[in-house]
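Have a look at the structure below before the remarks.
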Amino acid sequence: MLDLSRLNPEQLAAVKQTEGALLVLAGAGSGKTGVITYRIAHLILDLKVPPDRILAVTFTNKASKEMKERVEQLVGRKHCKGIVLSTFHSLGVRVLKRDIERLGYKRNFSIYSTADQVGLVRQIVREVNTGNKKYDAESIIWRISGTKNKLIPPSRFVPSPSDDVDMMAALVYPRYQSALKAFNAIDFDDIIMLTAELLQHHPQVLQHWQDRFGYIMVDEYQDTNSSQYLLVNLLAAGCGNLCVVGDDDQSIYGWRGADVANILDFEKDFKGCRTIKLEQNYRSTGNILEAANNLIGNNKVRKAKKLWTASGDGPPIDLCVVQDDEEEATSVVERIQLERFKRDIPYSDFAILYRTNAQSRAFEEQLRFEDIPYVLVGGTQFFERKEVKDTISYLRVIANRLDEVALLRIVNFPKRGIGDGTVIRINQWSLEKECPLFEAFGRVAEIEGIAEGIREKVLAFHGTVLDAADRFAEEGGLAEKGKALFERLKIEEEIFRTIDDAKAARRKVENVEQIVNSMAGYEERVPQATLAGFLEKVSLMDEDRFSGKDKKDHGRDAVTLMSLHSSKGLEFPFVFLVGMEDEILPHKRAIYEDFTVDEERRLCYVGITRARQQLVMTRTLFRKKYGKLQERIASRFLEEIPAAVLNVQQSGLTKEVSPEEQVKSADSFFAKMKALTG
């Protein structure tokens with residue numbers, strides 16, 4: 001018999017409810033993985049269900065592997081033989097390998113990687129594009145992917161007439177699918193779409209898999225999209241024993257197709273199903289849960305639930321109000337050093353969570369400045385991002401015209417009609433004349449074989465660099481000069497011209513803005529700031545990467561930096577939730593596109609519930625945009641957190657607030673904010 005004594009009453013009920021449809025609403029930190037694994041073990045050991053009759057599906061290989069290991073610990077490896085514990089895609093491949101021939105493919109089909117997809121789509125775009133407009137292959141793949149996730153074949157794809165990328169995707173999609181089939185290949189979205197097609201249109205295939213599985217469990221059900229939803233329903237229609245586990249309050253992937261309605265409507269889809277709520281939290285303190293409960297309660301369309309803990313209130317949540325984003329990074333890093341010294345805890349206990357990856361720049365710089373190891377999860381280190389390297393290369397050439405690696409990177413960025421053939425010819429001439437490449441650009445009139453129009457473009461580029469060098473040679477205004485240079489180069493326009501996905505383009509533009517902000521921050525720290533000094537600081541950041549120091553230091557004992565989207569499923573003793581301002585969290589795009597900002601609120605809820613012992617929120621009064629301070633508004637989500645659990649602190653403000661004023665205004669959060677901001 002399986003020992004179930006460690007389960008609380010609700011967990012136990014979920015484990016023992018094995019027949020029929022079951023919805024387990026599992027709040028953050030409520031032990032949902034344990035419920036699934038104990039449920040599987042109970043079926044095998046207590047109810048003697050053959051292991052090969054059990055299917056458990058989740059979203060990631062890591063989660064699937066963890067589930068399998070925990071089941072093996074409970075029942076022993078020999079009793080696990082035949083259980084299917086897999087991701088949706090692994091399950092789809094299993095189905096397709098048996099019967100994909102019914103769809104006109106061979107069993108030895110290939111699965112195309114993203115790189116394979118990009119290459120194929122680029123080729124098709126070249127064939128069908130009759131105009132001069134450039135199209136980004138990844139943007140087109142994203143549109144096709146979203147269409148496949150809704151189970152829409154090429155014949156039924158209706159593009160938006162006002163959206164050029166959508167129109168191009170409509171042209172590419174049928175040719176792309178035909179090419180894949182000709183190559184006996186599928187992509188990752190096809191795995192689910194073709195599996196659903198097999199089950200829908202081939203009754204014998206559906207019957208086989210319905211007979212195979214008598215008990216089906218789905219983890220993170222709130223993250224399912226239309227195709228995954230259909231797949232689950234088709235399989236479960238046979239046995240009727242479907243258990244889905246999830247939390248609508250943690251549905252944060254709507255932008256990639258997840259439909260929170262799947263979990264919200266489960267009780268409608270499966271009449272007579274039982275619903276069990278897991279509300280006891282084993283992760284966070286009472287004050288953290290109080291903040292989370294009050295925040296998420298403002299979402300009107302949700303399943304009512306309230307997290308609670310038996311571990312006590314814990315310390316209040318610190319809200320640190322600072323002057324600007326540089327002060328924000330400094331205060332966070334100082335707090336890490338202080339807490340590590342006071343508590344004797346490792347760096348790995350700390351996590352810095354932010355809404356957008358562009359926010360990482362100031363924290364990366366400050367952590368490196370203090371020689372604190374960190375690991376960046378789910379993103380590229382700031383100064384390694386392409387648009388950042390392109391833009392920094394201009395500054396390198398301005399500071400050092402002999403930097404030919406940087407020169408070659410920028411000669412046709414932004415596009416100015418200087419092709420590879422021209423650059424090769426100038427480079428050959430510079431070698432023959434034994435003169436630096438940049439000098440050769442200035443002497444392009446002496447080089448034969450280059451058209452007059454191209455020579456003019458080369459000379460214009462050469463003059464732009466020299467003019468910028470003269471401007472940077474003057475004292476002061478480093479950030480202003482950088483901003484002016486990037487505006488003259490029209491880098492923002494170039495990014496939007498070459499990237500059709502407006503959201504992706506905006507993220508890249510924000511990263512370019514952060515370069516100017518970094519220059520402004522450098523000026524504030526260094527009285528006589530120079531371009532060479534700034535570039536030296538950037539180079540020293542790269543030095544750690546090339547020396548292998550990153551690999552050694554960024555192991556287990558390192559501060560974690562990650563976006564809120566990447567943080568789901570993780571937990572840390574000490575969490576910094578930074579940038580608590582409107583237009584950051586909630587994101588400005590969400591504010592103007594969805595006035596309820598429900599998904600942004602769920603994202604904030606996820607961030608809060610990552611903290612186990614201490615949560616620190618930060619907001620700035622001003623934030624740099626292209627090096628200039630702009631006034632910020634406190635996040636509307638702060639209003640939804642009870643003042644009783646907040647400890648408002650100030651750091652680096654130009655206006656100090658007396659203790660008497662703080663005590664006097666302690667009854668109201670906004671009174672506190674007014675006292676702090678004047």
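Position 1 is the first residue of the sequence; numbering continues from there.
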Given 3.5 Å as the limit, does a donor-acceptor pair link the side chain of Arg623 with the main chain of Asp325, or not?
no
Point to revise | Pair Asp390 + Lys508, salt bridge at N-O below 4.0 Å | key: no
The single option from Val578, Val321, Val648, Ile608 that satisfies side chain to side chain contact (heavy atoms under 4.5 Å, CB included) with Met617 is Ile608
(request) Using the six-membered ring wherever Trp is involved, compare the ring planes of Tyr221 and Phe266 and label them parallel, tilted or perpendicular (cut-offs 30° and 60°). (result) perpendicular
**Message:** Using salt bridge (Lys or Arg N to Asp or Glu O under 4.0 Å), reason through Glu510 and Arg507 one step at a time and then give a plain yes or no.
**Reply:** CA-CA 5 Å; Glu510 288 173 354; Arg507 288 194 295 269; over 6 Å; no
Exercise for the section: Mind running side-chain hydrogen bond (donor to acceptor under 3.5 Å, both in side chains) on Glu364 and Tyr374 for me, showing each step along the way? Expected result: CA-CA 8 Å; Glu364 287 186 64; Tyr374 70 90; 3.0 Å; yes
Open item on the list: I'd like to know if the side chain of Glu387 reaches the main chain of Ala505, judged simply by a donor and an acceptor atom lying under 3.5 Å from each other, with no hydrogens or angles considered.
Closed with: no
- [ ] Would you confirm whether Glu327, through its side chain, and Asp324, through its main-chain N or O, come within 3.5 Å as a donor-acceptor pair?
- [x] no
Glu326 and Tyr522: CA distance, side-chain angles, deciding distance, side-chain hydrogen bond (donor to acceptor under 3.5 Å, both in side chains) verdict: CA-CA 10 Å; Glu326 300 296 333; Tyr522 175 72; over 6 Å; no
Ile392 and Leu535: side chain to side chain contact (heavy atoms under 4.5 Å, CB included), yes or no, with the steps? CA-CA 8 Å; Ile392 289 288; Leu535 292 171; 4.2 Å; yes
Of Glu328, Glu581, Glu631, the one forming a side chain to side chain donor-acceptor pair (under 3.5 Å) with Thr620 is Glu581
dist Arg612:CZ -> Thr285:OG1 (nearest 0.5 Å) comes out at 11.5 Å
- Under 3.5 Å, side chain of Asn281 to main-chain N/O of Leu307, donor-acceptor pair present? no
Test side chain to side chain donor-acceptor pair (under 3.5 Å), reference Asp247, set Lys305, Arg302, Gln222, output is Lys305
The residue among Glu365, Lys625, Gln359, Arg361 that forms side chain to side chain donor-acceptor pair (under 3.5 Å) with Gln514 is Arg361
Please evaluate residues Cys604 and Met580 with respect to the criterion side chain to side chain contact (heavy atoms under 4.5 Å, CB included), reporting the C-alpha separation (whole Å), side-chain torsions for both, the decisive distance (0.1 Å), and the verdict.
CA-CA 9 Å; Cys604 186; Met580 290 296 296; 4.0 Å; yes
- Task: Kindly say whether Leu295 contributes a backbone atom to a donor-acceptor pair with the side chain of Asn298 at under 3.5 angstrom?
- Result: yes
query: With distance as the sole test, does Lys32 use its side chain to make a donor-acceptor pair with the main-chain N or O of Asp219 at under 3.5 Å?
result: no
Ion pair check, Glu480 and Lys483, cut-off under 4.0 Å
no
Side-chain ion pair, Glu267 and Lys303, N-O less than 4.0 Å: yes
Point to revise | Check: His565 main-chain N/O paired with Tyr253 side-chain donor or acceptor under 3.5 Å | key: yes
Query raised in the report: Between Lys624 and Glu513, is there a side-chain N and carboxylate O pair less than 4.0 Å apart?
Result: no
* To do: Show your working on side chain to side chain contact (heavy atoms under 4.5 Å, CB included) between Thr58 and Glu66 and close with a plain yes or no.
  => CA-CA 11 Å; Thr58 187; Glu66 179 186 353; over 6 Å; no
Donor-acceptor pair, Asn647 side chain versus Asp318 backbone, under 3.5 Å? no
For Gly314, does its backbone N or O pair with a side-chain atom of Asn287 as donor and acceptor, under 3.5 Å? yes
Ion pair check, Lys481 and Glu474, cut-off under 4.0 Å: no
Any chance you could lay out the side chain to side chain contact (heavy atoms under 4.5 Å, CB included) test for Val575 and Leu353, step after step, and finish with the verdict? CA-CA 7 Å; Val575 168; Leu353 309 182; 3.7 Å; yes
Margin query: Any side-chain to backbone donor/acceptor pair from Glu523 onto Leu478? Under 3.5 Å, distance only.
Written below: yes
